[in-house]
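Some notes on the structure that comes next.
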There are 2 protein chains.
Amino acid sequence: MRKEKVYISQETVKRLSLYLRNLRRLEKEGVRVICSDRISELLDVSPAQFRKDLSYFGEFGKRGVGYEIRRLIEELEDILGVNKQWKIVLIGVGRLGSALLRFEGFSKFNLKIELAFDIDKRKIGKVINGVKIEDVQRLTERVKEEGVKVGLISTPPQVAQEIADRLIEGGIKGIMNFAPVTLKIPEDVFITNVDMACELERVIFFLNNEGKVKTDSKLLS
Amino acid sequence: MRKEKVYISQETVKRLSLYLRNLRRLEKEGVRVICSDRISELLDVSPAQFRKDLSYFGEFGKRGVGYEIRRLIEELEDILGVNKQWKIVLIGVGRLGSALLRFEGFSKFNLKIELAFDIDKRKIGKVINGVKIEDVQRLTERVKEEGVKVGLISTPPQVAQEIADRLIEGGIKGIMNFAPVTLKIPEDVFITNVDMACELERVIFFLNNEGKVKTDSKLLS
DNA sequence: TTTTATTTGTTCCTATTTTCACAAAAAGTA
DNA sequence: TACTTTTTGTGAAAATAGGAACAAATAAAA
């Protein structure tokens, strides 16, 4: 039974994506059906959490049996929207940017970067992984032209805000930002920050507070 | 007044790191004192949240005035532990790995990768950003030898678990994992997964559920 | 057919996180 | 000195997320 109005938390969405990836792997390994207990062993998620995450979107399992993997993969692809083709643009083809352009973790899962932009004349015109690098001057118009909806920002932090503004002007509705700055964006645009320095500092915090800290919800004495 | 026993959430730690970075930038811009309201405008955090996050560790502000930036930077560096030198090892010098080796977002903030390993004979011996790439065969012993405590895994997913095991055998206590797999690690080791495909799928979820979704805590109709 | 085993979907409860709101402190002003 | 303004630090309330537990559904066994 589909719910009237449900708030889906970001944590739930992250987990859905995690489920999908692991279900695909299981299917490849020949598994046909799986129960929430088994999922729980594989991922770091309680069985109840798994069932509840799915329950926001419908009933996909069979009581006493489990979940048919093929069916669940399709449902999750549908929920996340990864079965549709979303045009993705990358801005900033530096070392991180070119790694992203060729990242198998994207391409393997139907996430293909289709346009790339840089300011460096020496890079413009080059082709990386089938994508021709274009002049960032033309960013807004090209984004409009191609109807791109998702942008990855891997520029230096100083220019990230300007790039974001231009992307949004071009009609971008979702941004994944690798630049270590907090971008100002309108309410109707979604942003996720991949902040590697913060993540690494989080690891260091744990080490630095060792003994004073409990493993999951950190206890400080 | 320091608390007896306080649980620090991961979200709080992430924000501390975010505060630190932005305070450093503000200091560079010549700002000396800042209040929680101003921080709130700059970052996407409520003033109360900022004050409460800090309050777990002590009283660093002055009522009616705000926070002296220099002081707060030092306190945060101390809390996070980033003023100490932590030895960091990177495993897997592919495209992402070499981008990480040269990533300014790390080096600028006193986060220096000091050892790097790969399995590819052609890469072993090469020097990237002052770091000599070593043979992954010797990973465990070298980690022990050097007393490394933090490891970054940027290998293909198939070998990530084995690398994690070897790191832990060598005495690593904190891992930042870029491989798209859920690693099994003991309780006393801290791990953070940087899962770019999940992040990108989260953006796509938002686009795919547009209209049905409210901007912050996603409303699905 | 009836009974027993499982395992889901969901309700209700608990724990955690965030926000509110205000007393306490600081500094300036009259 | 007394009053005003500002802004912190924090206890209490509100909101959110997570987990236990159980009825309902399924399939297999008796």
Side-chain angles (χ1 to χ4, degrees), chain A residues 1-16 18-19 23 31-69 71-72 75-76 79 213-220, chain B residues 1-16 18-19 23 31-69 71-72 75 79 214-220:
Chain A
M1 178 236 345
R2 195 148 281 225
K3 299 296 169 41
E4 294 290 320
K5 284 193 168 206
V6 187
Y7 290 87
I8 308 300
S9 82
Q10 283 308 307
E11 291 306 310
T12 294
V13 182
K14 279 188 203 172
R15 284 190 298 263
L16 292 177
L18 190 68
Y19 303 152
L23 289 166
V31 189
R32 285 287 127 82
V33 172
I34 196 156
C35 64
S36 57
D37 272 37
R38 185 87 192 86
I39 285 281
S40 172
E41 284 164 27
L42 292 174
L43 316 182
D44 209 35
V45 176
S46 78
Q49 182 78 78
F50 176 76
R51 298 201 298 273
K52 183 167 259 187
D53 284 339
L54 294 178
S55 79
Y56 294 125
F57 301 94
E59 302 191 2
F60 309 126
K62 212 179 236 177
R63 295 174 188 213
V65 183
Y67 300 84
E68 202 230 311
I69 291 193
R71 159 95 194 280
L72 194 48
E75 295 283 0
L76 284 171
I79 292 164
V213 160
K214 233 186 50 181
T215 308
D216 209 0
S217 14
K218 314 310 161 188
L219 168 62
L220 201 87
Chain B
M1 180 235 345
R2 196 150 280 224
K3 299 297 171 43
E4 295 290 321
K5 285 193 168 205
V6 188
Y7 290 86
I8 308 300
S9 81
Q10 283 307 308
E11 290 306 310
T12 294
V13 181
K14 278 188 203 170
R15 284 189 299 262
L16 291 177
L18 190 69
Y19 302 153
L23 289 166
V31 188
R32 284 287 126 83
V33 172
I34 195 155
C35 64
S36 58
D37 272 37
R38 185 87 191 84
I39 286 282
S40 172
E41 283 165 27
L42 292 173
L43 315 181
D44 210 35
V45 176
S46 78
Q49 183 80 78
F50 176 75
R51 298 200 300 272
K52 179 147 267 190
D53 284 339
L54 294 177
S55 78
Y56 294 125
F57 300 93
E59 302 192 1
F60 308 127
K62 211 178 237 177
R63 295 174 187 215
V65 182
Y67 300 83
E68 201 231 310
I69 288 191
R71 158 92 193 283
L72 195 48
E75 295 283 1
I79 292 164
K214 231 185 54 181
T215 309
D216 212 359
S217 14
K218 316 307 161 190
L219 168 62
L220 201 87

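Chain letters run A, B, ... following the sequence lines, proteins first, then strands; residues in each count from 1.
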Could you tell me whether the phosphate oxygens of [N], OP1 or OP2, come under 4.0 Å of any side-chain nitrogen or oxygen in [X]?
X	N	result
B:Tyr67	C:dA26	no
B:Tyr56	C:dT17	no
B:Lys62	D:dT7	no
A:Arg51	C:dT8	yes
A:Gln49	D:dA17	no

Could you give the [atom1]-to-[atom2] distance, from [X] to [N], as a whole number of Å?
X	N	atom1	atom2	result
A:Gln10	D:dG18	CD	P	12 Å
B:Leu54	D:dG9	CG	P	7 Å
A:Tyr7	C:dT18	OH	P	18 Å
B:Phe50	D:dT10	CZ	P	14 Å
B:Asp53	D:dG9	CG	P	12 Å
B:Glu59	D:dT10	CD	C1'	9 Å
B:Leu16	C:dT17	CG	P	13 Å
B:Phe60	C:dA25	CZ	C1'	17 Å

Quiz prompt | Any N/O donor-acceptor pair, B:Lys52 side-chain to C:dT19 base, under 3.5 Å | solution =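 Checked by distance alone, the answer is yes.
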
Closest to side chain of [X], choosing from [options]:
X	options	answer
B:Arg63	C:dT18, D:dA25, D:dT8	D:dT8
B:Ala48	C:dA23, C:dC20, D:dA17	C:dC20
A:Arg15	D:dT10, C:dT10, D:dG18	D:dG18

Checking N1-N3 plus N6-O4 or O6-N4 for Watson-Crick, or N1-O2 and O6-N3 for wobble, each under 3.5 Å, the partner of D:dT26 is none

The Watson-Crick or G-U wobble partner of C:dT29, with both key distances under 3.5 Å, is D:dA2

Residues of residues 32-46 of chain A with a heavy atom under 4.0 Å from any atom of DNA chain D, listed by number, are A:Ser46

Working to the nearest 0.5 Å, report the span between [atom1] of [X] and [atom2] of [Y].
X	Y	atom1	atom2	value
B:Thr12	B:Lys14	OG1	NZ	11.0 Å
B:Leu23	B:Leu72	CG	CG	5.0 Å
B:Leu54	B:Arg15	CG	CZ	10.5 Å

Acceptor/donor pairs from residues 40-48 of chain B side chains to any protein atom, 3.5 angstrom cut, sequence neighbours excluded:
unit_1	atom_1	unit_2	atom_2	d
B:Ser40	OG	B:Val45	O	2.8
B:Glu41	OE1	B:Arg38	NH1	3.0
B:Ser46	OG	B:Gln49	N	3.0

Kindly indicate whether the side chain of A:Phe57, heavy atoms from C-beta on, has any atom under 4.5 Å from the side chain of A:Ile8.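 Yes, close enough: below the 4.5 Å cut-off.
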
The glycosidic conformation of C:dA15, counting syn as within 90° of 0 and anti otherwise, is anti

Kindly give the heavy-atom pair with the smallest separation between [X] and [Y], and that separation in Å.
X	Y	result
B:Phe50	B:Ser36	CD2-CB, 3.6 Å
A:Leu76	A:Leu16	CD2-CD2, 3.7 Å
B:Val31	B:Val33	CG1-O, 3.5 Å

